[in-house]
Amino acid sequence: MNKNEKDWIDITSGVNVRKCMRCGKCSATCPSYDEMEYHPHQFVYMVEKGDIEPLLNSKSLYKCLTCFACVERCPRGVEPAKVIEAVRLTAVRKQGNNHLLPDQIPDMLDDDLPQQAIVTAFRKYTK
Amino acid sequence: MQRIGVFVCHCGTNIAATVDVKAVAEALSHEPGVVVSQDYQYMCSESGQELVKNAIKEHGLTGVVICSCSPRMHENTFRKAAASAGLNPYLVEIANIREQCSWIHKDIASATDKAIILGKAAVAKVHLNAPLTAGESPVVKRALVIGGGIAGIQTALDIAEAGFDVDIVEKEPTIGGKMAQIDKTFPTLDCAACILTPKMVEASQNEHITIHSFSEVSDVKGFVGNFTVTIKKKARYVDETKCTGCGLCTEKCPMKKVPNEFNMGLDNRTAVYIPFAQAVPKVATIDPNYCMMLKNGKCGVCSKVCSVGAIDYKQTDKFIEQKYGAIVVATGFNPIKLDKYDEFAYSCCPDVVTSLELERLMNAAGPNGGTLLRPSDKTHPHTIVFVQCVGSRCDDEKGKPYCSKICCMYTAKHAMLIREKYPDTEVYVFYIDVRTPGKNFDEFYRRAVEQYNVHYIKGMVGKVTPKADGKIDVQASDLLANEQLHINADMVVLAAAIEPDKTARPLATMLTTQMDTNDFFTEAHPKLRPVESATAGIFLSGACQGPKDIPETVAQASAAAAKAIGLLCKNSITCNPCVAHSDELMCNGCSACEKVCPYGAITYQDKEFRMPDRSTAIRRVASVNPAVCQGCGACTVACPSGAMDLNGFSNSQIMAEVDAICK
Amino acid sequence: MQVNENFEPVIVAFCCNWCSYAGADLSGTNRLNYPANVKIIRVPCSCRVNPMFILRAFQRGADGVIICGCHPGDCHYTSGNYFTRRRITLLYSMLDFLGIERNRTRLEWVSAAEGAKFAAVMNQFVEDVKKLGPNRRLEDLRCRKQ
Amino acid sequence: MQEAMIKRAKELLADGTVNRVMGWKKGEFAYDTTPAVFETAEEIDREFVYNDFTQANQSKYLIKESRKEGKILALLKPCDTYSFNQLVKEHRIIRENVYVIGIPGGPKIDIEKIKAKGITGITNVKNEDFTLKIETIYGVETMPFYEAISVKCESCKSKKHVVYDELIGEDGDVLDSNRFDMVEKLENMTAQERYDFWRGELSRCIRCNACRNVCPACTCENCVFDNPKSGIDQKAAADSFEENMFHIIRAFHVAGRCTDCGECSRVCPQNIPLHLLNRKFIKDINCLYGEYQAGADTTSKAPLTDYRTDDCEPSVVHERGAE
């Protein structure tokens with residue numbers, strides 16, 4: 001178990017995973033459920049256990065649409081989407097500083113691309 | 001000269017672990033007037049009290065300071081001990097060095113320092129304590145029960161059984177409450193009506209019980225043993241004394257489209273109505289929101305058909321005032337509103353119902369005569385999904401933080417009854433935990449699973465979607481199989497959280513009792529005084545104090561009755577001698593104190609005084625009725641001259657404490 | 001102003017018997033820590049607290065005074081805390097008018113069930129008073145501690 | 001005006017309506033007037049005075065006077081009627097024993113303001129068309145009337161008589177006064193500035209008790225500051241705390257009862273603006289609990305013996321104005 005990674009996820013997500021009462025409503029409501037190897041409730045549970053390595057290596061990370069249905073529905077206010085996002089961030093940061101660079105952006109622009117997507121691209125997408 | 005004894009309790013290690021009790025006893029022994037200062041393992045024990053008593057006799061103590069737990073715990077214990085040793089009980093002061101010192105501080109040095117200061121403050125105060133004698137005030141031998149559900153009925157029956165008069169105030173037209181709406185009861189599956197209605201009838205026939213149905217408490221004054229309560233009897237537009245309950249008016253009433261609250265709005269009633277066949281009192285009530293005669297003066301059919309002339313369109317609300325010695329609160333509960341849980345589609349789909357609605361759907365007196373049919377198209381449902389913990393166990397804004405306690409069991413009951421009656425119906429129960437702590441409860445739940453083959457699935461329902469074909473898609477997770485399910489259901493039943501009745505909050509204000517943040521009444525002590533409120537003479541019965549099932553409610557109802565009977569048995573009760581008193585020589589007669597007194601305990605009289613210059617003057621001065629004063633002290637601050645003071649918490653005593661703390 | 005790191009303020013807390021004193025007991029029962037600076041005086045109702053007591057406390061060396069009572073509407077004596085609220089509002093306003101630091105005085109509603117709130121309130125209050133330093137504007141030089 | 005009062009007073013004495021008259025008596029100099037009780041027409045003719053210097057509020061004397069045999073005539077200026085009413089409300093004055101004539105009020109002038117101009121040896125002051133002719137042993141000096149108006153009249157709150165049995169002259173209206181301006185100015189200072197201001201003022205207090213003794217709201221049989229049992233008794237202000245303590249408690253005890261008659265500041269030999277403390281309470285009460293004028297009637301509930309369930313929390317006083 002990697003204690004630092006768990007603490008890091010606790011801090012970046014701002015979520016207290018111990019609030020989870022294991023009702024599974026997050027997974028029940030998740031539109032990407034079938035695409036995922038690990039489901040929202042498992043993210044919460046595994047982060048709580050400190051079992052983060054399998055999550056970092058799973059494609060499930062990128063299946064979360066950040067639709068926030070789980071956040072909306074969670075009776076305990078745990079906010080699983082934020083946990084997943086924090087794990088995703090951890091994975092991204094582990095990949096080293098090989099993000100897109102600002103001068104690479106103009107080539108990729110097209111008129112339909114929302115501004116927010118461009119900003120997000122800086123931290124999400126690697127070369 | 002004062003002779004004060006100080007007794008420092010170790011409370012095992014509760015105090016001694018963080019407070020150096022020897023040092024406290026040593027330090028306090030040097031305080032002025034202290035002639036003996038001792039520490040002991042358990043001061044509240046028999047031998048600890050003996051120690052105090054012996055010291056009182058041996059040293060001729062004039063004041064006692066106990067450094068121990070909160071005075072809310074053992075003040076009475078030590079007062080009694082002092083009294084038995086011949087010292088006035090009000091010459092005892094407690095320094096709270098456990099709850100307010102040893103338990104909250106970790107550092108021994110600072111906790112010990114604080115304990116010494118608290119001890120010094122108590123010594124300083126006890127110097128100024130005066131011996132007080134408690135007066136007595138008579139007890140009115142009549143009890144009031146607020147709420148006529150099973151809790152209120154049971155309490156009233158028990159009090160009446162002991163020979164005391166008791167009034168039930170019920171806001172609905174009939175007593176019976178929620179239990180009257182329930183079909184069967186767990187874990188025995190006996191018929192709720194069959195066990196409730198005999199009690200309702202018994203209550204109505206008992207010579208000691210008066211039922212004020214369709215009534216509310218509108219004002220409460222007074223104090224333990226002597227409450228004055230104003231009861232508002234709402235106009236029902238039917239003379240209760242004349243109505244025979246024949247029901248002819250309800251048959252003939254042309255206004256037939258009124259949602260029937262007894263059946264949870266699943267069918268309709270008439271504007272003049274009797275809630276259900278076994279209603280007590282069995283008297284019709286006219287609903288002024290729908291009655292055409294009352295709304296626009298056109299109709300009057302009920303009045304024409306009533307053979308005894310009981311209909312009275314001119315009836316108005318009546319107020320009656322009655323004195324009571326004890327009041328029992330039994331205001332019960334309601335399921336919460338589910339409108340805000342969009343994911344369960346409760347507001348938009350008629351086939352998504354609450355459990356209480358299901359009770360009515362399955363009841364022989366319900367909208368479908370006991371046949372379980374879908375509310376939307378009256379067809380037989382083949383797949384039914386139960387969702388647990390809807391609004392219970394939630395974080396702050398999402399619902400109630402507590403477990404509603406009864407849902408696991410009634411859902412098992414529902415599932416079992418459906419499988420019993422309609423074996424072709426598949427029943428799914430989505431649960432987070434199944435909680436069955438009760439006699440024969442777990443066995444009951446296991447029967448549902450093992451014998452009736454109810455599908456219990458651990459996991460919550462995420463989304464309920466009504467489909468075009470009338471079916472309902474239930475999307476849920478199965479946490480054990482780690483898969484997401486879609487169930488094509490015909491009906492969905494939601495186990496809505498329960499909450500205290502809305503009338504409880506204003507009632508608590510009238511009764512000056514405390515409530516928790518969820519509006520459940522707070523008991524005087526969570527373990528040792530579970531059926532009493534912190535306000536003397538007010539008792540708690542049933543779900544108004546917390547979620548409860550029927551057997552628990554009945555047990556608590558009887559316990560509350562026992563407590564009330566204990567009070568009513570007394571001819572008088574000892575008053576609190578810590579009451580206000582006015583120094584006539586200083587009183588200006590300005591009436592400021594009278595205006596802030598919540599009990600009307602202060603009156604004025606003109607008295608003749610010899611003035612310092614030997615003349616006589618007639619002055620208006622205040623006097624306090626010690627039997628009525630409850631000792632809040634509001635008057636002492638309103639009084640500009642300082643003529644008004646409070647026994648036990650006098651100006652000089654409090655200032656002595658302030659001085660000792662700040663020294 | 002020079003801030004003394006080791007300054008330990010004297011805090012007098014007046015707590016009503018029915019709600020706040022019980023709330024303080026509850027925070028003890030739940031072992032919720034708050035600083036030992038806080039010393040509680042039990043009064044039957046917050047309306048028993050005479051402005052004279054508050055001034056007396058400052059005179060004798062208190063650095064902060066806090067009054068705790070039942071939440072408005074929950075007073076054991078029906079209306080006591082409503083009177084408290086008016087009186088204490090006016091008194092605190094007057095102290096403020098005379099230039100006494102605002103954070104030396106406080107009124108809080110703490111119910112018998114709010115042990116956690118009691119501890120939180122006390123922690124905050126002690127911290128606020130610590131920031132202000134010793135009470136100098138409303139002290140009696142004759143009572144000054146060495 | 002003085003003649004009309006004397007005439008009516010003598011009539012009432014003669015027809016037995018009253019057996020005493022409460023008024024003002026000439027002193028050694030014209031500006032030196034004292035409240036006094038007259039029992040005969042002769043005394044009235046000889047000593048009764050009503051002029052620009054008769055500032056004193058008579059209400060407080062009526063507490064004792066109304067408890068004596070027979071009825072007394074009280075001549076009350078508009079501001080005095082508020083104090084009178086308040087004392088009736090508090091059962092201190094027995095209304096039936098007082099015959100009230102409402103008389104026109106100020107603005108009155110303050111001899112101290114004349115003296116402050118450096119004028120000494122004053123023997124008489126005459127008001128001639130709002131110019132003061134000041135006769136002194138050194139000759140006659142003049143100054144504008146308005147420059148000598150007393151502090152309490154400068155911010156007059158009302159020309160209306162709230163209680164009377166009959167009137168001499170006309171009744172006026174409640175005025176829009178600027179009486180809270182100074183309070184507001186202080187509120188807008190920083191706490192340190194306010195503290196310095198009040199230290200500067202209150203440190204001059206010599207505890208002569210004049211403010212308390214003249215105050216028509218301070219009518220306790222035994223004042224807490226004189227009562228050894230009160231725990232706060234003090235005869236002299238020994239240090240800054242006691243200076244503050246006395247004035248805070250005094251202002252608090254009259255809060256909601258003070259009619260803002262201004263007598264406390266008028267009599268203060270050290271010229272401490274004590275009325276500002278009272279006005280602070282009045283201003284707070286008006287903004288927090290609704291407009292209230294003590295003495296305006298005898299039935300309304302006083303703000304401190306009343307409440308609303310939605311009253312503001314004390315934190316409001318900490319959230320507004322300067323720190």
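The sequence lines fix the lettering, A, B, ..., with proteins before strands; numbering per chain opens at 1.
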- Top residue by heavy-atom pair count (under 4.5 Å) with chain B, among C:C19, C:S46, C:A22?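 Of the candidates given, the most pairs with chain B belong to C:A22.
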
- Query: Using 4.0 Å as the upper bound for N to carboxylate O, is an ion pair formed by C:R42 and B:E93?
  - Reply: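 Salt bridge: no.
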
- Sequence neighbours excluded - salt bridge (charged side-chain N to carboxylate O under 4.0 Å, His left out) pairs with any residue from residues 29-39 of chain C: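 Applying salt bridge (charged side-chain N to carboxylate O under 4.0 Å, His left out) to every pair that reaches into residues 29-39 of chain C, excluding sequence neighbours, yields nothing.
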
Side chain, backbone, both or neither: which part of [X] has an atom under 4.5 Å from a heavy atom of chain C?
| X | answer |
| --- | --- |
| B:F223 | neither |
| B:R98 | neither |
| B:A121 | neither |

Any side-chain heavy-atom pair of [X] and [Y] under 4.5 Å:
| X | Y | value |
| --- | --- | --- |
| C:N33 | B:H105 | no |
| B:I661 | C:I41 | yes |
| C:F58 | B:C662 | no |
| B:P598 | C:S79 | yes |
| C:F14 | B:I654 | yes |

Examine whether an atom of [X] lies under 4.5 Å from a heavy atom of chain B, and if so say whether it belongs to the side chain, the backbone or both; otherwise answer neither.
| X | answer |
| --- | --- |
| C:T78 | both |
| C:A119 | neither |
| C:V49 | backbone |
| C:C16 | neither |

Okay, side chain of [X], backbone of [Y]: is any donor-acceptor separation there less than 3.5 Å?
| X | Y | answer |
| --- | --- | --- |
| B:K114 | C:V38 | yes |
| C:H76 | B:A534 | no |
| C:R87 | B:V637 | no |

Using every non-hydrogen atom in the two residues, find where [X] and [Y] come nearest and quote the distance to one decimal.
| X | Y | value |
| --- | --- | --- |
| C:W18 | B:R72 | O-NH1, 4.3 Å |
| C:Y21 | B:S70 | CE2-OG, 3.7 Å |
| C:G28 | B:W103 | O-CB, 3.3 Å |
| B:C632 | C:P44 | O-CG, 3.8 Å |

- Task: Applying side chain to side chain donor-acceptor pair (under 3.5 Å), run through C:R48 and B:N651 and close with a yes or a no.
- Result: CA-CA 9 Å; C:R48 176 66 187 96; B:N651 287 334; 2.8 Å; yes

- Stepwise, does the side chain to side chain contact (heavy atoms under 4.5 Å, CB included) test hold for B:T512 with C:Y77? CA-CA 7 Å; B:T512 72; C:Y77 305 101; over 6 Å; no

- Task: Test side chain to side chain contact (heavy atoms under 4.5 Å, CB included) on C:D25 and B:N96 and set out the steps.
- Result: CA-CA 9 Å; C:D25 278 355; B:N96 183 344; 2.9 Å; yes

- More than 12 heavy atoms of other groups within 6.0 Å of B:K221 NZ: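 Not buried by this count: 12 neighbours or fewer within 6.0 Å.
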
- When only pairs under 4.5 Å are counted, which of B:G648, B:S110, B:P71 shares the most heavy-atom pairs with chain C?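 Between B:G648, B:S110, B:P71, the count favours B:P71.
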
- Item | Most contacts with chain C, counted as non-hydrogen pairs under 4.5 angstrom, among B:V596, B:L646, B:D516 |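 Result: the option with the highest number of such pairs is B:V596.
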
- Item | Interatomic distance, C:D74 atom CG to B:Q514 atom CD [nearest 0.5 angstrom] |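 Rounded to the nearest 0.5 Å, the CG-CD separation comes out at 6.5 Å.
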
